[in-house]
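Worksheet: the structure to be examined is printed underneath.
When a residue number appears, it is its place in the shown sequence, counting from 1.
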Amino acid sequence: MASDIVFVIALMGVVSAVWGGLAIPRLRRRLPKIYLIARSWWFMLAALFGCYAIAKIADRHAELLTSRYPYQWLLIGFFVLIGLRGGYEIKRIWCLPSRARLIHKLQSRGLQPSVTPTSSADHTASPTTSHYTRPTGLDGLLSMAFVALIVSLIALQQLTWQREQYGVLLFVLFASQFNDIAQYLCGRLLGHRLFSRGLAPRISPNKSIEGAVFGSMCAALLASLLGVWLTGFEWWLCLLAAYGLAVSGIAGDLLESAFKRQHGIKDTGTMLAGHGGVLDRIDSLLIGVPIFTVLYWLLG
């Protein structure tokens with residue numbers, strides 16, 4: 001069995017076991033947020049891996065099928081849906097009435113402070129278009145990064161399928177996600193032990209320098225091992241790519257945090273319980289994936 005399919009099955013098994021364990025009433029009462037995070041992870045992975053596995057199997061057995069392309073479009077369609085949902089979340093935040101409803105929804109679930117500081121964007125609304133904020137440079141930067149991400153995901157899928165290096169797509173996606181987890185754990189264990197100042201206190205007060213430094217190193221090491229297994233690349237190339245994805249993941253996370261802080265919201269949505277909106281979940285991919293895709297295209 002191919003290494004990428006083994007990885008898919010193993011990861012789904014681990015997440016299923018974690019979700020099942022946390023579903024025990026006693027643990028669920030003690031760790032309600034972790035339970036929601038695990039549940040959301042299961043559904044996200046099931047959707048991604050389902051589309052990936054069908055497209056991969058169809059591509060490898062194209063001679064048995066009338067056409068393999070409809071199956072490839074299943075995975076592309078998954079990325080398009082992410083793009084549409086993320087675009088909707090951005091538009092909803094720009095629209096003042098929609099943003100007010102989102103804030104109220106977050107407050108009703110205890111995810112947003114009951115008193116929200118007035119956002120600087122509220123003061124930039126044009127009198128003739130009072131329902132929308134006037135876009136700032138930060139809005140434009142985030143929007144361009146998001147569009148570049150969706151285009152890059154589709155392009156990377158096509159490139160990896162053409163070169164039959166299927167595991168590269170999984171490596172890129174999970175190198176960034178490992179970094180999120182490693183940063184959180186290292187931040188909880190080592191946060192503010194070496195540096196009293198946070199990583200970016202005005203943008204994301206909870207992020208520590210220790211979490212960013214040690215988390216990115218741990219994530220890069222783990223992801224590089226995964227990369228050697230999934231991609232067949234040299235270990236040093238996997239390590240370099242994994243560390244670059246980890247560092248760029250921090251930058252993407254801070255970009256999205258600055259966007260949310262500018263508009264006075266804690267999450268871009270409530271679709272993914274425990275995570276927030278789609279944009280909250282993919283923020284670590286915003287910068288690293290487009291850069292990796294360009295390099296993979298040029299150097300592959």
Side-chain angles (χ1 to χ4, degrees), residues 32-34 36-37 40 44 82-150 176 179-180 183-184 187-188 191-192 197-209 211-212 248-287:
K33 184 175 181 180
I34 304 300
L36 292 175
I37 290 174
S40 295
M44 287 187 292
I82 291 176
L84 292 174
R85 176 63 193 188
Y88 165 75
E89 291 178 359
I90 294 173
K91 177 182 177 295
R92 178 171 59 178
I93 292 170
W94 285 346
C95 178
L96 296 176
S98 297
R99 188 173 71 204
R101 289 193 293 270
L102 173 62
I103 291 174
H104 177 73
K105 189 175 183 180
L106 292 172
Q107 289 173 345
S108 67
R109 300 188 181 191
L111 302 174
Q112 175 93 11
S114 57
V115 178
T116 306
T118 302
S119 150
S120 61
D122 292 337
H123 299 292
T124 60
S126 169
T128 58
T129 57
S130 58
H131 282 298
Y132 287 88
T133 62
R134 183 180 302 163
T136 65
L138 182 60
D139 292 327
L141 182 61
L142 179 81
S143 300
M144 288 189 295
F146 178 71
V147 172
L149 168 62
I150 301 303
S176 301
N179 185 50
D180 285 349
Q183 273 194 80
Y184 173 78
R188 291 293 298 270
H192 303 295
R197 185 181 182 278
L199 179 66
R202 293 187 178 182
I203 298 176
S204 185
N206 294 326
K207 290 192 180 298
S208 64
I209 297 176
S248 61
I250 297 172
D253 185 35
L254 291 176
L255 173 62
E256 199 240 359
S257 295
F259 171 76
K260 291 189 294 184
R261 180 164 289 272
Q262 172 182 268
H263 292 285
I265 60 169
K266 295 288 289 183
D267 293 319
T268 61
T270 58
M271 182 179 182
L272 303 174
H275 298 269
V278 167
L279 201 60
D280 294 311
R281 183 61 271 153
I282 64 172
D283 55 2
S284 60
L285 306 175
L286 287 172
I287 298 175

Give every donor-acceptor pair under 3.5 Å between a side-chain atom in residues 200-207 and any protein atom, sequence neighbours left out.
residue	atom	partner	partner atom	Å
Lys207	NZ	Asp253	OD2	2.3

Tell me, do Phe259 and Leu141 make a side-chain contact under 4.5 Å, heavy atoms counted? no
Let me confirm one number: the CD1-CG distance from Ile82 to Leu149, rounded to the nearest 0.5 Å. 8.5 Å
So how far is it from Arg101 CZ to Ser98 OG, rounded to the nearest 0.5 Å? 4.0 Å
Taking every heavy atom of Gly274 against every heavy atom of Lys33, the minimum-distance pair comes out as O-CE, 4.0 Å
Taken to the nearest 0.5 Å, the spacing of Leu138 CG from Arg261 CZ works out to 12.5 Å
Can you sort out the partners of Ile250 under side chain to side chain contact (heavy atoms under 4.5 Å, CB included), two or more places apart, ordered by chain and number? Asn179, Gln183, Leu199, Ala212, Ser216, Leu254
Looking at Ile103 and Gly264, what are the two nearest heavy atoms and their distance? CD1-O, 3.8 Å
Which atom names give the shortest non-hydrogen contact between Ile287 and Ala251, and what distance separates them? CD1-CB, 3.7 Å
With sequence neighbours left out, the residues meeting side chain to side chain contact (heavy atoms under 4.5 Å, CB included) with Ala273 are Leu36, Arg39, Ser40
So which heavy atom on Leu255 is nearest to which on Ala145, and how close? CD2-CB, 4.2 Å
Show every side-chain hydrogen bond (donor to acceptor under 3.5 Å, both in side chains) that has at least one partner inside residues 267-278, sequence neighbours left out. Glu89-Thr268, Lys105-Thr270, Thr268-Asp280, His275-Arg281
Exercise: identify the closest heavy-atom pair between Ile90 and Ser143: CG2-OG, 4.2 Å
Side-chain heavy atoms of Ile93 within contact of Asp139, under 4.5 Å: no
Which heavy-atom pair separates Phe146 from Leu279 by the least distance, and what is that distance? CD1-CD1, 3.7 Å
Looking at residues at least two apart in the chain, or sitting in another chain, which of them share a side chain to side chain contact (heavy atoms under 4.5 Å, CB included) with Lys266? Gln112, Pro113
Tell me, please, which residues at least two apart from Arg109 pass side chain to side chain donor-acceptor pair (under 3.5 Å). none
Output for pair (Leu102 CG, Arg92 CZ), nearest 0.5 Å, gives 4.5 Å
